There are 2 protein chains.
Amino acid sequence: MTSPAGRTTPEAPTRRAEILAAAAELFARRGFHGASIGDVGRAVGLTGPALYRHFSGKEAVLAEMLLDISQRLHAEGLRRAAEPEPDRALDALLHWHIAFALDNPALITVHERELDNVPEAQRHEIRRLQRAYVEEWVRVLRRLRPGLPEDRTRAAVHACFGLLNSTPYSAAALDRDSMAVLLHTMARSALTTA
Amino acid sequence: MTSPAGRTTPEAPTRRAEILAAAAELFARRGFHGASIGDVGRAVGLTGPALYRHFSGKEAVLAEMLLDISQRLHAEGLRRAAEPEPDRALDALLHWHIAFALDNPALITVHERELDNVPEAQRHEIRRLQRAYVEEWVRVLRRLRPGLPEDRTRAAVHACFGLLNSTPYSAAALDRDSMAVLLHTMARSALTTA
DNA sequence: GGACGATGTTAATCGTCATTAACATCGTCA
DNA sequence: TGACGATGTTAATGACGATTAACATCGTCC
């Protein structure tokens with residue numbers, strides 16, 4: 001063999017994260033079913049079967065990825081929504097979501113599209129967190145616009161996410177900060193006019 | 001055999017359209033690679049191989065689907081953008097895109113996600129039409145907001161599409177007309193504030 | 001009333017893919 | 001220094017899926 005089987009460098013602590021990052025990129029670009037375990041392995045310099053040393057299977061990779069994303073979004077969302085001034089709370093939520101989307105376009109994409117491919121067991125918890133995150137936004141917005149009925153408020157929040165998550169497709173054109181400002185302005189305006 | 005092979009009813013003129021519609025639904029819900037030819041066939045009451053009587057292959061189904069969508073969007077986009085008053089032109093574009101998205105959520109989803117799975121040959125033409133459609137919006141918006149630099153304008157249009165195309169995920173909550181009004185209001189506000 | 005084209009069906013074919021088995025290598029540490 | 005656990009690798013294994021082959025059926029039209 002041209003290269004020995006084992007690796008000398010003990011990059012163990014990063015390995016799982018490395019795999020998750022590569023998988024996110026591939027799942028985002030080609031879809032869960034469009035990226036194979038072999039593709040993911042190759043992306044981190046391994047063969048396909050090697051991934052089974054770190055995850056119990058392909059679905060487990062996706063599940064852990066989505067669970068992590070929804071936890072991060074929800075946890076920080078809770079914090080930001082706690083701001084007493086609803087106007088400031090909304091800005092804080094916007095800043096948070098925009099930063100996350102711009103810094104992790106692949107994660108946002110996968111989070112938005114691939115829930116159905118997560119095994120039942122973990123799907124419920126992820127969905128719960130996603131819903132809870134949305135509800136934080138709804139609560140803040142309702143304090144800001146008490147007249148708006150709840151279902152319309154929720155629909156507006158979903159539409160707003162659509163706007164913010166469009167990042168992966170167009171972020172290339174503008175530098176990060178210009179894009180962040182643009183998205184913030186547009187989203188704020190859309191929500192407060194709804 | 002329990003049922004005869006040939007069909008008596010000459011539903012020939014609809015068959016292709018029927019297949020395209022079923023495929024759109026499945027591709028939207030599960031992704032191009034997540035839906036098999038067998039699934040599509042079953043959805044229209046046929047077996048998988050039967051589809052080859054109507055399309056040269058799975059990719060051809062997707063290609064025809066995306067080509068049709070991008071042509072329809074672009075053709076009508078051209079018409080609406082021709083309105084001399086930029087303010088009215090924008091409203092006309094919004095009405096058109098919103099109606100299309102609300103009436104064809106599956107098509108919008110596939111159009112947005114699956115271009116990479118179209119064979120090169122047809123991909124270029126589809127991309128050209130998609131770009132041209134965006135440019136119609138950009139042109140209108142630039143007349144409306146001359147101060148906004150072109151790249152920011154284009155980014156704003158992309159973000160606006162993200163908002164409008166979020167329809168598939170949340171449209172269930174509101175009736176069609178309320179949703180249309182909501183999206184129109186939000187999008188208009190987002191674009192003119194950008 | 002029989003030949004033909006359009007449409008379908010079921011039975012190969014062939015490749016890809018997830019997953020598992022069997023077999024190294026390396027670092028550690030008793 | 002030698003056994004062991006952690007990580008990898010290369011061969012199975014077993015499904016599944018796209019596509020094609022071989023074989024009906026039906027309606028039409030001469």
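Only a predicted model underlies this, so the values are computations on that prediction, with no experimental measurement involved. Numbered from 1 within each chain, the chains take letters A, B, ... in sequence-line order.
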Provide, to the nearest angstrom, the distance between the [atom1] atom belonging to [X] and the [atom2] atom belonging to [N].
| X | N | atom1 | atom2 | answer |
| --- | --- | --- | --- | --- |
| A:R42 | C:dT16 | CZ | P | 12 Å |
| A:R16 | D:dT7 | CZ | C1' | 14 Å |
| A:F55 | D:dT7 | CZ | C1' | 14 Å |
| B:L51 | C:dT7 | CG | P | 13 Å |
| B:L46 | C:dT7 | CG | P | 11 Å |

[X] vs [N]: side-chain N/O to OP1/OP2 distance below 4.0 Å:
| X | N | answer |
| --- | --- | --- |
| B:T47 | C:dG8 | no |
| B:H54 | C:dA6 | no |
| A:R15 | D:dA6 | no |

> What distance separates B:L163 CG from A:S166 OG, expressed to the nearest 0.5 Å?
Replying inline: 9.0 Å

>> Can you pull out every side-chain hydrogen bond (donor to acceptor under 3.5 Å, both in side chains) where at least one residue sits in residues 60-72 of chain B? Sequence neighbours excluded, please.
In response: B:R16-B:E64, B:D68-B:R72

>> Do the side chains of B:R123 and B:D116 get close enough for a salt bridge, i.e. N-O under 4.0 angstrom?
In response: no

>> If you count every heavy atom of other residues, nucleotides or ligands that lies below 6.0 Å from A:R139 atom CZ, does the total exceed 12?
In response: yes

> Do the rings of A:F161 and A:Y133 sit parallel, tilted or perpendicular, given the 30° and 60° boundaries?
Replying inline: parallel

> Base, backbone or nothing for each nucleotide of nucleotides 17-22 of chain C, written B, S, -, heavy atoms under 4.0 angstrom, 5' to 3'?
Replying inline: SSBB-B

>> Going by ring-ring contact (aromatic ring centres under 6.0 Å, His included), name the pairs with one or both residues in residues 171-194 of chain A, residues two or more places apart or in two chains.
In response: A:H95-A:H184

>> Five pairs per end, C1' atoms only: what is the angle between the end axes of the helix from C:dG1-D:dC30 to C:dA30-D:dT1, to 10 degrees?
In response: 10°

> Is the shortest heavy-atom distance from the side chain of B:L164 to the side chain of B:L94 under 4.5 Å?
Replying inline: yes

>> Restricting to side chain to side chain contact (heavy atoms under 4.5 Å, CB included), what partner residues turn up for A:R131, sequence neighbours left out?
In response: A:R127

> Which pairs, with at least one residue in residues 90-100 of chain B and sequence neighbours excluded, count as a salt bridge (Lys or Arg N to Asp or Glu O under 4.0 Å)?
Replying inline: B:D91-B:R188

